[in-house]
There are 2 protein chains.
Amino acid sequence: MDTNANLEEAIEVLQQLGLKEYEARCFVGLSRLHTGTAKQLSEMTEVPRTRVYDAIRVLEAQGLVEIQHSSPQQFRAVPLEEATETLRDQYEARVERLRDALEMVEIVDPDDEGPVQQVWAMSGRDAIENRTNDLIGEATDEVVLVIGDDSLLTPELVDALNGVGNGVDLLVGALTDSLQDEIETAVPDATTFISGLEWLHGENATVDDTAIGRLLLIDRSTILVSSIIPDTKKEQAIFGDGFGNGLVVIARRLMAQGLLLAHDPGP
Amino acid sequence: MDTNANLEEAIEVLQQLGLKEYEARCFVGLSRLHTGTAKQLSEMTEVPRTRVYDAIRVLEAQGLVEIQHSSPQQFRAVPLEEATETLRDQYEARVERLRDALEMVEIVDPDDEGPVQQVWAMSGRDAIENRTNDLIGEATDEVVLVIGDDSLLTPELVDALNGVGNGVDLLVGALTDSLQDEIETAVPDATTFISGLEWLHGENATVDDTAIGRLLLIDRSTILVSSIIPDTKKEQAIFGDGFGNGLVVIARRLMAQGLLLAHDPGP
DNA sequence: TCGAGAATCACTCGGTTAATCACAAAACAG
DNA sequence: CTGTTTTGTGATTAACCGAGTGATTCTCGA
């Protein structure tokens, strides 16, 4: 059995969550021992015995393990559900504190407003998805969206699409029939189409090894284009704002040539 | 105005969330600048100018800032709501991964079951609260709960109390009339009382500067007692399991003397 | 009382981060 | 076009923190 990979995975994630290596190792060690002494833990987790105590103390302070003050001391991990819930609580509290602190502060000097020709770059799947959904929520006239990968059609995206105002046209393109079907059932109000942009496919990728992930055009004045690096699966996006923006102009031209299959705005 | 404290708070929390000092400083700097160059940021945040670029790159990769690739480069922070949402997503994903990995692994050797005389120590408000709620959910006969501090009566606790099975007696004690009233309206099924344990009050604290936070007795065989260090507000608890447990025995004796005002189980 | 294991403390080593410097490239003024 | 300033990158040094190890004190059972 490959339980070992899971062990390493757990240790790694715990470190990402802020634990030190010894602490992480001790916690997963206890998770499978259910109850153990420093000696047992040390043997199982390869943590020097003398350091087990420090690690456990930290874990105890975080509410992840319990200590029995006998001799020898006994340790045991909190049940998994409790542990994850506790971690979650911790995090929520932190994010909340951050929000409050920054809200109190965001009052700043509104300096000059730079040129309108702005193209911003951002990356990270979650961040791009959040931005996408936000933008859709702010649309007042039209949303054109092309989805380049099935995994991008998340419940949150569906919610955002279904939540647009009444007068907003929804044009959603997909690359495959099956994805188009999915969209049609999930977002009944949307006009769907199969994208004419064959270059969205990874198979047709040119020299640069990237595939288009999303293409979003809001009210013909804001655009977001994301690409996905096939190797790392990382998503990165560029984001243009303003009617006169170069990117936006290009997008409009694409539409005019029928590539995005938009209908002309009526008289 | 004391906006400075908020700045520091934000920086500190961001570091707890895994960012380095420079990254945190740059992010809060951008949060109040809304858009700025490396130079501006450097002056405002005391981050060496030449290091701003690295920090920003990391932030960009995490989806917290956007970069405009002009010269000079312009940076701007993602809107606060998006940022917190992104951080939340990140964290949720991690906790999820942890849960999955540990679930695959928790199959372990069920060693010997030690003595029944077990007293475990744990600390951390969230962890203790989670344990409290779990224990209440597992009660089959009786729940005796004394709440020593108003702030401990959380919505989750109320849910747990209202969610117990039908045959379970609920006895909830408070220290003040007002708290008792709160409990009565929030948990109609509970029999409430004013605790006769005056020593729960912080005012009456003895030499050791601690006040009792919660006292929980489940089915007369499991007990949890928590105390709150007045200085640090940290909560710590001891937790005893098993009918023959010394702690539990003490608790039952307290009840027999009427201090916990339990009714005797009928014939 | 004594010895063996248990627990704590004090220290070294190595890697990471904070901080500074040197330099190349780009923008800008004249 | 040229020299100067600003911007961006890379290399280098210094301070810090965590991983690993040994010495010391404590606890328990014989």
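To find a chain, count down the sequence lines: A is the first, B the second, and so on, and within it residues start at 1.
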Footprint string (nucleotides 17-30 of chain C, 5' to 3'): B base within contact, S backbone only, - free, heavy atoms under 4.0 Å = SSBBB----SS---
State whether [X] and [Y] are salt-bridged, where the test is any N-O pair (Lys NZ or Arg NE/NH1/NH2 against Asp/Glu carboxylate O) under 4.0 Å.
X       : Y       : value
A:Glu43 : A:Arg49 : no
A:Glu96 : A:Arg99 : yes
B:Arg25 : B:Glu21 : yes

Taking atom C1' of C:dC11 as reference, at what distance in whole Å does atom CG of A:Asp54 sit?
->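 Whole-Å distance recorded here is 14 Å.
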Once you round to the nearest 0.5 Å, how far does CG of B:Leu41 lie from CZ of B:Phe75?
->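 Reported value, rounded in 0.5 Å steps: 7.0 Å.
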Mark yes or no: A:Arg131 above the aromatic ring of A:Phe239, with NZ or CZ under 6.0 Å from the six-membered ring centre and no more than 45 degrees from the axis.
-> yes
Report which part of the nucleic acid B:Arg57 touches: base, sugar-phosphate, or nothing (heavy-atom distance under 4.0 Å, all strands).
->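 Counting heavy atoms under 4.0 Å across all strands, the contact made by B:Arg57 is with sugar-phosphate only.
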Side-chain heavy atoms of B:Leu59 within contact of B:Cys26, under 4.5 Å =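 In short, these two side chains touch, coming nearer than 4.5 Å.
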Evaluate the criterion salt bridge (Lys or Arg N to Asp or Glu O under 4.0 Å) for residue pair B:Arg97 and B:Asp100; output intermediate values, then yes/no.
-> CA-CA 5 Å; B:Arg97 276 210 295 156; B:Asp100 292 350; over 6 Å; no
Would you check, one step at a time, whether the test side-chain hydrogen bond (donor to acceptor under 3.5 Å, both in side chains) holds for B:Thr86 with A:Asp126?
-> CA-CA 6 Å; B:Thr86 299; A:Asp126 291 336; over 6 Å; no
Under a criterion of less than 4.0 angstrom to any heavy atom of chain B, what are the 5'-terminal and 3'-terminal contacting nucleotides of DNA chain D?
-> D:dT7 to D:dA11
